[in-house]
Amino acid sequence: PTECFLSQPEEKQDSTVKAKRRKKKKISDVLQKSAPKPGVPADLQNLLTQHFGENRSVIEIEELKLSDSCFLPANDLSHSFSSYLKEICPKWAKLRRNHKDKKSVVMLVLCSSALRSLELIKSMTAFKGDCKVLKLFAKHIKIKEQMNMLEKGVFHIGVGTPGRVKALVEQDGLCLNSTKYMILDWNWRDQKLRRMMDIPEV
């Protein structure tokens, strides 16, 4: 009986040690519980202010603010990609016909990965018709190849990742003067349940 009595407090000690070892919360666990919300202009404005807030003065941050007229209605998650593009760009056929500039695109779609870019290109077939789409990501495609393609041909839509688009703009391979639409793939989440805006590099 004494042995049994002695073993009880030991068990209690074990259980307190186990209680102390709490499970760490992962970002993916938190994101899994939050339902997807359509992106709104304020989301982008807040991100810009957060990102540049430390390095810029108040006046410079004010200059970064985009007016409401810069934004088109966001996808309310009821649209497919093609139907959303048709809604925000009803005069696409005319825009496409008038676009003759090289080294530029009329519509630029930014998303978080090469695989997601390919998915979006497939899902816009109903909208794009016979216009030319250029892949603007790093996977299996060299930046010089993309620059040569942009110099030689006329492309209407560019779909790619922020890193590669930035590199093309910096190396004067892509000119944004004739770009009328920029679409951000805001709500899509990767395997770790991160949106494009949750990735620090972006």
Side-chain angles (χ1 to χ4, degrees), residues 36-41 43-44 66-191 194-197 199 202:
K37 290 179 192 170
V40 291
D43 293 336
L44 184 62
L66 299 162
S67 66
D68 289 343
S69 61
C70 294
F71 293 94
L72 293 159
N75 187 349
D76 57 5
L77 307 181
S78 63
H79 283 285
S80 70
F81 191 44
S82 276
S83 70
Y84 171 65
L85 293 176
K86 279 178 185 173
E87 188 188 83
I88 61 163
C89 187
K91 295 178 181 174
W92 175 247
K94 189 181 176 185
L95 275 171
R96 187 184 72 203
R97 272 198 309 274
N98 296 341
H99 179 64
K100 302 280 188 287
D101 302 342
K102 290 179 180 178
K103 289 173 76 171
S104 68
V105 289
V106 182
M107 183 180 284
L108 185 61
V109 183
L110 291 177
C111 41
S112 56
S113 70
L115 287 170
R116 177 62 177 163
S117 301
L118 292 169
E119 253 178 65
L120 288 178
I121 291 167
K122 282 178 190 169
S123 65
M124 66 162 72
T125 45
F127 168 77
K128 69 181 169 107
D130 60 349
C131 72
K132 286 189 175 181
V133 180
L134 184 63
K135 298 167 189 169
L136 301 173
F137 49 77
K139 201 167 196 172
H140 309 306
I141 308 168
K142 288 177 183 170
I143 195 163
K144 283 191 177 174
E145 283 176 40
Q146 287 166 337
M147 286 168 80
N148 289 338
M149 287 165 84
L150 281 159
E151 268 180 50
K152 288 173 186 171
V154 175
F155 290 90
H156 305 94
I157 303 173
V159 185
T161 53
R164 178 49 60 95
V165 170
K166 182 179 180 244
L168 283 163
V169 171
E170 284 172 350
Q171 293 183 36
D172 200 31
L174 178 66
C175 176
L176 301 175
N177 291 346
S178 55
T179 302
K180 302 270 188 286
Y181 297 92
M182 189 164 93
I183 315 289
L184 301 176
D185 185 26
W186 194 270
N187 289 308
W188 186 80
R189 296 177 190 271
D190 63 11
Q191 286 178 324
R194 296 177 306 177
R195 297 171 309 160
M196 176 168 68
M197 299 304 170
I199 299 165
V202 173

Novice: What residue pairs, at least two apart or across chains, pass salt bridge (charged side-chain N to carboxylate O under 4.0 Å, His left out) with a residue in residues 73-86?
Specialist: none
Novice: Sorted by first residue and then second, give each salt bridge (charged side-chain N to carboxylate O under 4.0 Å, His left out) pair with at least one member in residues 88-117; sequence neighbours left out.
Specialist: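 Qualifying pairs, neighbours excluded: R96-D130, K103-D172, R116-E119, R116-D185.
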Novice: Tell me whether K135 at atom NZ has more than 12 heavy atoms from other residues, nucleotides or ligands lying less than 6.0 Å away.
Specialist: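 Incorrect, the count does not exceed 12.
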Novice: In residues 159-169, what donor-acceptor pairs under 3.5 Å come from side-chain atoms, sequence neighbours left out?
Specialist:
residue	atom	partner	partner atom	Å
R164	NH1	I141	O	3.1
R164	NH1	Q146	OE1	2.7
K166	NZ	E170	OE2	3.3

Novice: Identify the residue among R195, M197, M196 that makes a side-chain contact (heavy atoms from CB on, under 4.5 Å) with S112.
Specialist: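 The residue from R195, M197, M196 that satisfies side-chain contact (heavy atoms from CB on, under 4.5 Å) with S112 turns out to be M196.
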Novice: Output all residues satisfying side-chain hydrogen bond (donor to acceptor under 3.5 Å, both in side chains) with S113, sequence neighbours left out; order by chain, then residue number.
Specialist: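 For S113, no residue satisfies side-chain hydrogen bond (donor to acceptor under 3.5 Å, both in side chains) once neighbours in sequence are set aside.
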Novice: What residues, two or more places apart in sequence or in another chain, satisfy side-chain hydrogen bond (donor to acceptor under 3.5 Å, both in side chains) together with D43?
Specialist: none
Novice: What's the shortest heavy-atom distance between S104 and C175, and which atoms?
Specialist: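 For S104 and C175, the tightest heavy-atom pair comes out as CB-O, 3.3 Å.
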Novice: Could you work out, with side-chain contact (heavy atoms from CB on, under 4.5 Å) as the rule, every residue matching S67, not counting sequence neighbours?
Specialist: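 With neighbours one apart ignored, the set is S69, C70.
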Novice: Please determine which of L108, N75, V109 meets the side-chain contact (heavy atoms from CB on, under 4.5 Å) test together with I183.
Specialist: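 Among L108, N75, V109, the one that satisfies the side-chain contact (heavy atoms from CB on, under 4.5 Å) with I183 is V109.
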Novice: Compare every heavy atom of Y84 with every heavy atom of P73, then report the nearest pair and how far apart it is.
Specialist: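 For P73 versus Y84, the nearest heavy atoms are O-OH, 2.9 Å.
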Novice: Step through the shown structure and confirm whether more than 12 heavy atoms of other residues, nucleotides or ligands are within 6.0 Å of CE on M147.
Specialist: yes
Novice: Between V106 and W92, what is the shortest heavy-atom contact and its length?
Specialist: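 The pair with the smallest heavy-atom distance is CG1-CZ3, 3.7 Å.
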Novice: Can you name the residues that form a side-chain contact (heavy atoms from CB on, under 4.5 Å) with L134, not counting sequence neighbours?
Specialist: L136, M149, L150, F155
Novice: If you take all heavy atoms of K128 and I121, which pair is closest and at what distance?
Specialist: CE-O, 4.1 Å
Novice: Mind checking side-chain contact (heavy atoms from CB on, under 4.5 Å) for S82 and listing every partner two or more places apart, or none if nothing turns up?
Specialist: S80, M124, A126, F127
Novice: According to salt bridge (charged side-chain N to carboxylate O under 4.0 Å, His left out), does anything in residues 137-161 pair up with another residue at least two apart or in another chain? List the pairs.
Specialist: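 The answer is none; no pair qualifies.
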Novice: Checking D68 now: which residues fulfil side-chain contact (heavy atoms from CB on, under 4.5 Å) with it, not counting sequence neighbours?
Specialist: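 Applying side-chain contact (heavy atoms from CB on, under 4.5 Å) to D68 gives none.
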